Amino acid sequence: MQGGPSETIPNTDDSPAERLRRLEAVTEASLAHLKLEDLLDELLERTRELLDADTAAVLLLDPSGRELVATAAAGLEEEVRQGVRIPLGAGFAGRVAASRAPVMLDHVDESTVVNRILQEKGLQSLLGVPLIAQNQVLGVLHVGTTRPHQFTAADVELLQLVADRIALATQGRVAEAERSAVVSLQRSLLPSRPATIPGISVAARYVPGSGNAIGGDWYDVFPLPGGRTGIVIGDVVGRGVRAAVVMGRLRSALRAYALDGGGPADVLQRLDRKVQHFEPGEMATVLFGIIDETRRRLEVSSAGHLPPLIKGPDGDTQFMEMQSDTPIGCGLVGTRRSSTAELEPGAILCFFTDGLVERRGEHIDDGLERLRRSALGNTPEEVSAIMMLGMVGDIVSPDDIALVVVKRESSRGDIDLDLPAVPGSLSSLRSVMRVWLTDNGADPHATNDLLLAVGEACMNVIEHAYGAGGGSMQIHITIEGDEVVACVRDRGQWRPARGTDRGRGIGLMEGAADAVHVEHTHEGTTVTVRRRLQEGDVQ
Amino acid sequence: VSDAWVRAFGDDDALRLVVSGEIDLANADQIENQLLSRIPNLVSSVVVDLAEVTFIDSSGVRMLFSLVQRLDATRTALIVIAPHGSVARRVLDLCGMDKVAIVQPAAVNNN
């Protein structure tokens, strides 16, 4: 690289040879290898010398587009160190940016500049040009002299050339920085491995759109109290960091509202109200579904989003028949509705964003039909891979693509669990039991009675079997004829019940089950509970 | 996570505390505290509505018995709402809750 200062040439020399030399000084190919900061410093230094100026500075428009921020300077370094900010339209630099044209100043005072540093430096004459790339003002480049000086047309031309070069380099860097910021934000917000939920398997895909079109899509799968499961897919209108940030807010707000209870329509209603109040102007389409505690029923509400695709265990694949309500944040008020679908054990649900099905020049119905036919495979991972292959292939989509595939696994075989003997294990056990019992034909009465009886048996282990060191409990549940047989085993020694009310658990267990058998050995205790799958309450 | 929550309706004359969700060993104490914190000194009776409870076991029953004792000390009556066929009703019937508190299938306007 050819470095070092060039020799000083009087800037009055407008000969073709001199013009060429000056041009080469700022367009040299080797400069392209410099990092942006170094490039700016080098260009400013060369510009200052070529124009025989005392100062040279670059101010860039901040993301709000309302203020210029001093970014690099030669002979005026304090401007950068003090973080000088100039409102668009005000003072010298502000006028250059607002007018998008070169501005020359032959005297510097409060009436012409807002930046006190320029006055304190004793600058007399200033020349500024806008940094423009793709018709957008990115900032301002200006040079100054501490003596009265008349800049020539050639000076303006040269400075504009430098400005164009800086604009290109800056734009490239800003775009790259924004893209990498959005991608890392997305990555931090989207679960790479969705939460592990017993009986639910999940696979997901997220592909950022080309260029800067990334940031708005998200998916989420989360457990809800009482054994329910939430599934979300959404698409924030807009792009870039801003859309990604809004997406992050919507994602956590939706989770919070879902935790408060209520159906998907209620949750979206609350989300909509929040966005209209706190984020006016933002808009998103969202599809939110809740699988109930027996995993037999899916309830979905749509805020302007495409419906889910449901593939039955027999392979029959259909879009869920449902009505869509207005997008979140669009300002139209109305009652949100939800639709329900029966979920067979083994059913697969696909929630997706329009980037997956929309192709330029193709009707969306054709895209949806292609998606329906591409729902092949038996696991969420297989379905996702085949769908992405069939729908995307090697196309670079201009839009984000998000896809989440959820399978409601069928309960095969017996329940065989080894859980820590702590109160926190009880609700997980109930979630597993509810699904398993329903899949195996237990009626609601039998299900509730078995939850109670097995729960009491476990509570005895938790409260009486182990000392402070704790222990574990093994739960085995199977079907024998028309009966459910549940065994709860521990390896501890039961202490006598403590407290006055403590005998009640055994009574409840005996009341809820058809038969209870307790076997104490020196190796531990086994409680066996039997209850018919059908028929109402045990008398 | 066992999750249940308490909402309060009405005023000192007709206070109704609605419990929703699941009550077990993991959260019975919390629910009891939530109920107690919503019962002001001036009330003469409290309605605890268990119609929306999706699971309750002996620790939930223990909590209700303890609530009865606490309220008894201040001469406050406890009325438990548990509709026929509900999860809570089955458990309350099995453990004789009706012997210590008034168990009703639905809220009755006492005024």
Side-chain angles (χ1 to χ4, degrees), chain A residues 222-228 258-262 292-294 421-431 433-434 444-464 497-513 536-539, chain B residues 1-8 18-34 49-70 72 78 82-101 105:
Chain A
F222 46 82
L224 285 168
R228 296 172 305 144
L259 194 59
D260 278 349
D292 77 347
E293 61 279 4
T294 64
V422 295
S425 295
L426 295 169
S427 66
S428 341
L429 173 63
R430 287 196 300 272
S431 296
M433 282 182 66
R434 272 200 184 95
H445 282 301
T447 300
N448 285 331
D449 280 351
L450 280 156
L451 291 180
L452 183 62
V454 175
E456 293 297 338
C458 291
M459 205 154 60
N460 275 324
V461 178
I462 295 167
E463 292 195 312
H464 307 305
R498 289 178 185 168
T500 49
D501 289 328
R502 302 276 162 164
R504 196 169 289 121
I506 303 282
L508 275 181
M509 191 157 59
E510 285 171 344
D537 297 355
V538 179
Q539 294 308 311
Chain B
V1 189
S2 318
D3 243 31
W5 52 100
V6 176
R7 287 166 298 157
V18 178
V19 188
S20 330
E22 301 186 306
I23 308 170
D24 67 13
L25 190 61
N27 65 354
D29 289 348
Q30 284 173 38
I31 295 297
E32 183 173 11
N33 287 334
Q34 284 192 45
D49 188 336
L50 302 179
E52 293 179 19
V53 165
T54 54
F55 181 81
I56 179 168
D57 62 9
S58 63
S59 49
V61 174
R62 194 152 77 207
M63 178 271 283
L64 288 173
F65 275 80
S66 149
L67 192 64
V68 171
Q69 284 178 356
R70 298 282 286 265
D72 215 34
L78 176 68
H84 294 296
S86 67
V87 168
R89 185 62 177 224
R90 169 91 172 122
V91 175
L92 298 187
D93 284 350
L94 283 173
C95 65
M97 187 73 198
D98 55 345
K99 293 182 189 76
V100 296

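Here the structure is a predicted model, which is why all the values come from computation and not from measurement. Throughout, protein chains are lettered first and strands after them, A, B, ... in sequence-line order, and every chain is numbered starting at 1.
Atoms CG and CE, on Asp57(B) and Met459(A) in that order, are 4.0 Å from each other to the nearest 0.5 Å. Between Leu426(A) atom CG and Glu22(B) atom CD the span is 10.0 Å, to the nearest 0.5 Å. A distance of 13.5 Å separates CG of Leu451(A) from CD1 of Ile56(B), quoted to the nearest 0.5 Å.
Counting heavy atoms from C-beta on, the side chains of Glu463(A) and Leu25(B) come closer than 4.5 Å.
Interface remark: Ser59(B) contributes backbone and side-chain atoms alike to the contact with chain A (heavy atom separation under 4.5 Å). Residue Leu224(A) does not touch chain B at all, counting heavy-atom pairs closer than 4.5 Å.
Counting all heavy atoms, side chain and backbone alike, Thr54(B) lies closest to Arg434(A) at O-NH2, 3.5 Å. Taking both residues in full, the closest heavy atoms of Ser427(A) and Asp24(B) are given as N-OD2, 4.1 Å, listed atom of the first, atom of the second, then distance. The nearest pair of heavy atoms linking Arg504(A) to Arg62(B) is NH1-CA, 3.9 Å. For Ala26(B) against Gly424(A), the heavy-atom pair with the smallest separation is CB-N, 4.5 Å. Between Leu94(B) and Gly511(A), the closest heavy-atom pair is CD2-CA, 3.7 Å. Closest heavy-atom contact between Leu508(A) and Cys95(B): CD2-CB, 4.3 Å.
Residues passing the salt bridge (charged side-chain N to carboxylate O under 4.0 Å, His left out) test with Arg7(B), sequence neighbours excluded: Glu52(B).
Of the residues considered (Ile462(A), Leu452(A), Asn448(A)), Leu452(A) shows the highest number of contacts with chain B, using heavy-atom pairs under 4.5 Å.
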